[in-house]
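The block underneath contains the structure these notes are about, expressed in structure tokens.
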Number of protein chains: 2
Amino acid sequence: MSSAASILIAALSAKTKLPDEDQDALASFPIEELEIRRGQDIIREGDRPTRSMILLSGLTCSYKTLPNGNRQITAFQVPGDVPDIQSLHLDVQDNSILSMSDCRVGFMRHRDIHELCFSRPPIAMGFWRATLVDTAIYREWTTNVGQRPAVARMAHLFCEVLTRLMHLGLTKDYSCALPVTQVDLADALGLSVVHVNRTLMELRKSGSLRFERGELTALNWPLLARQGQFDPSYLHLQMDDHAPYKLV
Amino acid sequence: MSSAASILIAALSAKTKLPDEDQDALASFPIEELEIRRGQDIIREGDRPTRSMILLSGLTCSYKTLPNGNRQITAFQVPGDVPDIQSLHLDVQDNSILSMSDCRVGFMRHRDIHELCFSRPPIAMGFWRATLVDTAIYREWTTNVGQRPAVARMAHLFCEVLTRLMHLGLTKDYSCALPVTQVDLADALGLSVVHVNRTLMELRKSGSLRFERGELTALNWPLLARQGQFDPSYLHLQMDDHAPYKLV
DNA sequence: CGAATACTTGATTACCTTCAATACGCGTGG
DNA sequence: CCACGCGTATTGAAGGTAATCAAGTATTCG
């Protein structure tokens with residue numbers, strides 16, 4: 001089985017293990033794999049895609065651009081995420097997807113996904129569930145940007161990314177790759193670059209984290225979580241790991 | 001057919017008309033209807049619901065509460081919306097639903113929805129599509145709160161609500177019921193009440209709207225849309241109304 | 001090694017918050 | 001009927017967080 005297929009299966013099995021026959025169907029599901037370099041718009045606002053992508057490795061973000069040129073990053077994607085699954089149902093793309101690092105992505109034709117979902121309800125439910133988790137994350141982002149002051153806001157974002165990557169086995173000692181610039185952080189947090197810089201310094205000074213050259217380390221996780229008022233329940237991660245899934 | 005059923009059918013038919021047999025299945029779908037008074041928490045963060053609700057009439061909002069007591073309203077719901085459909089897939093509720101007016105709501109058992117979705121893929125796809133539209137709205141909210149100054153932010157919110165209600169035929173001459181206090185607006189926009197008050201006055205003075213006693217009127221829609229940088233495409237409304245749907 | 005990109009720092013400004021006080025509307029009960 | 005309480009709206013003043021403007025330093029990379 002291709003690694004793309006196993007990542008897809010894992011992503012759709014989050015809650016309950018898929019029946020074997022559905023896993024088999026996914027194992028032979030046509031996915032076109034592609035390497036994408038850092039800094040590429042994989043999908044653009046206004047597009048009318050005929051395929052959806054699944055992130056296989058690396059980091060991407062989705063963002064919206066305002067008339068005045070401002071940019072809001074609305075989410076980060078980690079391996080297993082299907083950031084533009086919406087295009088399966090909604091004709092024109094309302095946001096763009098950008099690679100923050102060199103990435104491996106898989107493309108799945110809408111026609112194929114449609115067929116699969118109609119013939120295999122558990123798979124449709126799996127996709128649907130995944131989008132509902134995304135929605136929960138969006139709610140938290142709105143809350144984060146709307147209610148928390150800069151320090152807490154940034155700490156919260158770091159906690160989220162670290163937790164999601166940890167769940168995938170992509171961290172080591174509370175440390176993970178986070179190839180984003182301070183400009184990116186500013187656009188994700190709704191702050192200016194200058195203020196992001198000062199906020200970062202404050203967090204560093206507090207001893208809760210290290211962040212340099214695209215590497216994030218939580219030096220004091222409890223402190224960082226407190227600073228960000230971080231409660232991971234909105235991520236709806238399954239801790240009972242019936243099928244412990246580590247990405248290759 | 002009950003009015004609840006027809007609202008549900010309309011909500012799931014947004015993109016493509018459902019096959020007759022699926023409509024029939026929905027027509028006889030068990031929905032328990034309930035009247036709910038203004039200011040009630042219909043669902044609470046932390047709940048583990050066994051049913052999902054569909055709003056039949058009135059206005060509700062979903063919100064999250066922070067440890068310090070702050071509240072962020074993350075969305076408003078209009079008739080036809082199913083704000084806690086996520087509970088079908090995610091065990092514990094990560095947000096609360098509050099009635100902003102007297103409401104009529106319908107409750108659908110998860111078990112029934114599950115069964116329906118497994119036996120009738122087009123219905124599952126309809127539900128799924130609806131959640132993807134919600135997600136698109138969340139993205140826009142994050143952007144709104146993260147990037148736009150107070151005046152634009154508020155104007156944008158008003159445009160969204162007015163547009164959604166207009167699409168349901170619940171407006172008259174650019175005017176609609178919007179039974180929210182300035183405190184509610186503050187919590188939705190991530191602003192203080194005082195500043196909401198001043199921002200409102202500014203909008204009023206500009207002549208773009210009237211807002212009093214829970215009634216919103218766009219006196220100058222083009223101006224209001226400009227003030228809010230409002231582009232309705234993220235709402236993914238179908239304008240081609242194959243089945244023009246007005247709620248009773 | 002030079003240009004571009006990313007980061008850092010200082011000074012000034014402004015948007016928005018907080019605190020405080022007043023006014024208004026409405027339902028309840030004396 | 002009026003007093004009272006409570007939620008809502010309004011206004012003034014002061015303060016703070018974060019934006020903007022500006023300049024300089026590191027880093028990366030071709």
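Numbers restart at 1 for each chain; the letters A, B, ... are given by sequence-line order, proteins then strands.
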Kindly give the atom pairs (protein nitrogen or oxygen, nucleotide nitrogen or oxygen) under 3.5 Å for nucleotides 6-12 of chain D.
from	atom 1	to	atom 2	distance (Å)
D:dA9	OP2	B:Gln182	N	2.7
D:dT10	OP1	B:Arg204	NH2	3.4
D:dT10	OP2	B:Gln182	NE2	2.6
D:dT10	OP2	B:Asn197	ND2	2.8
D:dT10	OP2	B:Arg204	NH2	3.2
D:dT10	O5'	B:Asn197	ND2	3.4
D:dG12	N7	B:Arg198	NH2	2.5

Tabulated below should be each protein N or O lying under 3.5 Å from an N or O of nucleotides 12-16 of chain C; please produce it.
from	atom 1	to	atom 2	distance (Å)
C:dC16	OP1	B:Ala150	N	3.1
C:dC16	OP2	B:His195	NE2	3.1
C:dC16	O5'	B:His195	NE2	3.4

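B:Pro79 has its side chain out of reach of B:Leu56: every pair of non-hydrogen atoms, C-beta onward, lies at least 4.5 Å apart. Inter-residue side-chain proximity for B:Ile97 and B:Gln77 is flagged as met; some heavy-atom pair is nearer than 4.5 Å. Between B:Ser52 and B:Arg109 the shortest side-chain heavy-atom distance does not fall below 4.5 Å.
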For residues 212-220 of chain B, run the donor-acceptor check on the side chains, cut-off 3.5 Å, and write out each pair with its distance to 0.1 Å, sequence neighbours left out.
from	atom 1	to	atom 2	distance (Å)
B:Glu215	OE2	B:Ser175	OG	2.8
B:Thr217	OG1	B:Ser175	OG	3.0
B:Asn220	OD1	B:Leu223	N	3.2

Which donor-acceptor pairs under 3.5 Å do side chains of residues 40-47 of chain A form with protein atoms, sequence neighbours excluded?
from	atom 1	to	atom 2	distance (Å)
A:Asp41	OD1	A:Tyr63	OH	2.8
A:Asp41	OD2	A:Arg44	NE	3.3
A:Asp41	OD2	A:Tyr63	OH	3.1
A:Glu45	OE1	A:Thr65	N	3.4
A:Asp47	OD2	A:Arg44	N	2.9

Would you be so kind as to tabulate the donor-acceptor pairs closer than 3.5 Å made by side chains of residues 185-204 of chain A, with sequence neighbours excluded?
from	atom 1	to	atom 2	distance (Å)
A:Asp187	OD2	A:Arg71	NE	2.7
A:Asp187	OD2	A:Arg71	NH2	3.0
A:Ser192	OG	A:His195	N	3.2
A:Asn197	ND2	A:Gln182	OE1	3.0
A:Thr199	OG1	A:His195	O	2.6
A:Arg204	NH1	A:Phe211	O	2.8

Exercise for the section: Would you check, one step at a time, whether the test side-chain hydrogen bond (donor to acceptor under 3.5 Å, both in side chains) holds for B:Ser87 with B:Gln93? Expected result: CA-CA 6 Å; B:Ser87 62; B:Gln93 191 68 15; 4.5 Å; no

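Take B:Thr50 and apply the side chain to side chain contact (heavy atoms under 4.5 Å, CB included) test, not counting sequence neighbours, and it matches no residue. For A:Leu66, the side chain to side chain contact (heavy atoms under 4.5 Å, CB included) criterion is met by A:Asn68, A:Asn70, B:Thr143, B:Gln147, B:Arg148, B:Gln229, not counting sequence neighbours. Among residues two or more places apart in sequence or in another chain, the side chain to side chain contact (heavy atoms under 4.5 Å, CB included) test is passed with B:Ala136 by A:Asp94, B:Arg139, B:His236. Applying the side-chain hydrogen bond (donor to acceptor under 3.5 Å, both in side chains) criterion to A:Ser233, with sequence neighbours excluded, gives A:Asp231.
Between the CD atom of B:Glu212 and the P atom of C:dC24 there is a distance of 16 Å, given to the nearest Å. Between the C1' atom of C:dT9 and the NZ atom of A:Lys205 lies a distance of 13 Å, rounded to the nearest Å.
Inter-axis angle, ends of the helix from C:dC1-D:dG30 to C:dG30-D:dC1, five pairs per end, rounded to 10 degrees: 30°.
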Completion exercise
Heavy-atom contacts, protein to nucleotides 23-30 of chain D, under 4.0 Å, summarised as B (base), S (sugar-phosphate only) or - (none) per nt, yield -----S--

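Under the 3.5 Å distance criterion, the side-chain polar atoms of A:Ser2 are matched with a main-chain donor or acceptor of A:Ala5. Using a distance-only test at 3.5 Å, with no hydrogens or angles considered, a donor-acceptor pair links the side chain of B:Asp102 to the main chain of B:Arg38.
Near DNA chain C, defined here as any heavy-atom distance below 4.0 Å, there are no residues from residues 62-78 of chain B.
B:Trp221 CH2 to B:Phe230 CZ: the interatomic distance, rounded to the nearest 0.5 Å, is 5.5 Å.
The closest side-chain donor-acceptor pair between A:Asp134 and A:Thr131, if any, does not fall under 3.5 angstrom.
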